[in-house]
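Just so we're on the same page: letters track the sequence lines, and every chain starts at 1.
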2 protein chains.
Amino acid sequence: MSRIEYKNYDRFLLAVDCIIFGFDGNSLKALLIKRGFEPEKGKWSLMGGFAAQDESIDQAAGRILLNLTGLDQIYMEQLHCFGEVDRDPGGRVISLAYFALIKIDDSDGEKLEQHNAKWVDLRKLPALIFDHRQMIRLAKERLQQKVSNHPIGFELLPHKFTLQQLQALYEAVYETNFDKRNFTRKILSLGVLQRLDEKEKASSKKGAFYYVFDKKKYKRLESEGIKFI
Amino acid sequence: MSRIEYKNYDRFLLAVDCIIFGFDGNSLKALLIKRGFEPEKGKWSLMGGFAAQDESIDQAAGRILLNLTGLDQIYMEQLHCFGEVDRDPGGRVISLAYFALIKIDDSDGEKLEQHNAKWVDLRKLPALIFDHRQMIRLAKERLQQKVSNHPIGFELLPHKFTLQQLQALYEAVYETNFDKRNFTRKILSLGVLQRLDEKEKASSKKGAFYYVFDKKKYKRLESEGIKFI
DNA sequence: AATTTAAATGTCGAAATTACACTTATTGTT
DNA sequence: AACAATAAGTGTAATTTCGACATTTAAATT
């Protein structure tokens, strides 16, 4: 019918760039690639791609992530749209940034190699093309904010994890240290962790209990606006 | 140089839609217009427009807001990009939603009339086109979140305001009631309000002191991560 | 049995939050 | 001049949360 109405307006290339976070037990990392095409070929970059007419932007983001990592159905959230006129020297490109949280070990090593991808410590980022550094900075801020109210930290940890691992994750996200006793008390008082009988024995004689995140318990509390940190 | 690289990708119409909030002393309102063109001509809608190649998306949002309200340099923030394939029956349009906070009395009445614009209580929204209702809901959630950490509520009030007006605003934003004594104590303890000698006398014999937001004091505290509510 | 390792746990003071009701300043009325 | 009316302004006590801080415990190794 009225596609006619819109025909005279400008059209834009729409890139989708993904900030992919991972946690290796010590530090928070982002997955970067060596860009395989011009402009800026060979430079460090976020994984990205162009959106197509027949997919939603969320689908485009999922596709790009799947492309790089082989992973599907992972935690992903729209971050921000970057639309400065000159942000990409190759042309007027609007970029939609998404951030994703994955478990490092789940990703497909072959695929990562194909893209020359590398996990990089967030505190030691190399030079990046365009406004990608700004994107990562914003993503990190958003992650901090989100983690304080929502149980998404678990997306970065193995299914079962120790309290020490969980604390290390929060410490990496906030770049700070927490008191172990206060941290444990607080996190357990939320009532969304379930302790398993199994222990992790690699790092001590005594062994540390594994916990899992109990999504059902969380759902029941969610409406209340639970605070994490 | 390498505009060539990008040429084969799909291009998109990029709409910018604005959720414009106002506060009339009692309730939180959004500025809606009766859409003046097809499709869905005559239906209630957010103010919007298409982005152009020679402007950034932030500039586009500012232009659209200026168009409707006659206001410049007002508080505005990118909200979210809406990109479902079928969200607009008139064609594939990606919509970037922005939200703005304005003082109702500052807006240009003539311009509003030209666009058939109307302030509508957020709790009594009419049917809206496309995904505009969802946009408003999201904007309101974001406003609540933002107001709790940032001094943006003042953008919705006159330059000088009473504590009662400020409380009414917060109550409207959160759709709840606060205890007057606790609210006053907390808000004053932040140390970012300056009391004037002048009183508002319309609503009581005693009169209520006017306050102004002290941006300088705030800037000094900002780094600390001040909490509002 | 003794040693080693890291895990697990409790208390106390400070600060923040909540619940709750009376007094005060001013104007208009008798 | 006293009084009534109106909404503004203010304090306290109980509770909860937060932050700092050190010892005991479980299991494996020697």
### Query
Reckon Lys201(B) touches a base, only the sugar-phosphate, or nothing at all at heavy-atom distances under 4.0 Å?
sugar-phosphate

Using whole Å, report how far [atom1] of [X] lies from [atom2] of [N].
{"X": "Lys180(A)", "N": "dT24(D)", "atom1": "NZ", "atom2": "P", "value": "15 Å"}
{"X": "Phe178(A)", "N": "dA8(C)", "atom1": "CZ", "atom2": "P", "value": "19 Å"}
{"X": "Asn182(B)", "N": "dA21(C)", "atom1": "CG", "atom2": "P", "value": "13 Å"}
{"X": "Lys199(A)", "N": "dA28(D)", "atom1": "NZ", "atom2": "C1'", "value": "11 Å"}
{"X": "Lys205(B)", "N": "dT26(C)", "atom1": "NZ", "atom2": "P", "value": "14 Å"}
{"X": "Asp179(B)", "N": "dA16(C)", "atom1": "CG", "atom2": "C1'", "value": "15 Å"}
{"X": "Glu200(B)", "N": "dT27(C)", "atom1": "CD", "atom2": "C1'", "value": "14 Å"}
{"X": "Leu163(B)", "N": "dA7(D)", "atom1": "CG", "atom2": "P", "value": "17 Å"}

#### Entry: Reference residue Phe154(A); test ring-ring contact (aromatic ring centres under 6.0 Å, His included); the match among Phe23(A), Tyr75(A), Phe161(A)
Phe161(A)

### Nearest-nucleotide 5' precedence on DNA chain C, Gln164(A) against Ser204(B)
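First, find each residue's nearest nucleotide; the 5'-ward one identifies Gln164(A).
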
### Close residues, residues 184-192 of chain A, relative to DNA chain D [heavy-atom separation under 4.0 Å]
Arg185(A), Lys186(A)

#### Entry: Polar side-chain contact Lys206(A)-dA27(D) base: donor and acceptor under 3.5 Å
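Check fails, no donor-acceptor contact within cut-off.
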
### Query
Salt bridge between Glu40(B) and Lys43(B), side-chain N to carboxylate O under 4.0 Å?
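Salt bridge flag = yes for Lys43(B) with Glu40(B).
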
### Query
Below 4.5 Å, heavy atoms only, C-beta onward: do Lys118(B) and Leu31(B) meet side chain to side chain?
no

### Query
Mind checking whether Met47(A) and Ile64(A) have side chains closer than 4.5 Å, heavy atoms only?
yes

### Task
Please check if the distance between the ring centroids of Phe183(B) and Tyr170(B) is under 6.0 Å.
yes

### Query
Quick check: does any side chain N or O of Gln194(A) sit under 3.5 Å from a backbone N or O of Tyr211(A), one acting as donor and the other as acceptor?
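Checking the backbone N and O of Tyr211(A) against the side chain of Gln194(A), no donor-acceptor pair under 3.5 Å is found.
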
### Message
I need the single residue from Glu141(A), Gln134(A), Met135(A), Lys140(A) that forms a side-chain contact (heavy atoms from CB on, under 4.5 Å) with Leu138(A). Which is it?
### Response
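Of the listed options, the one satisfying the test is Glu141(A).
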
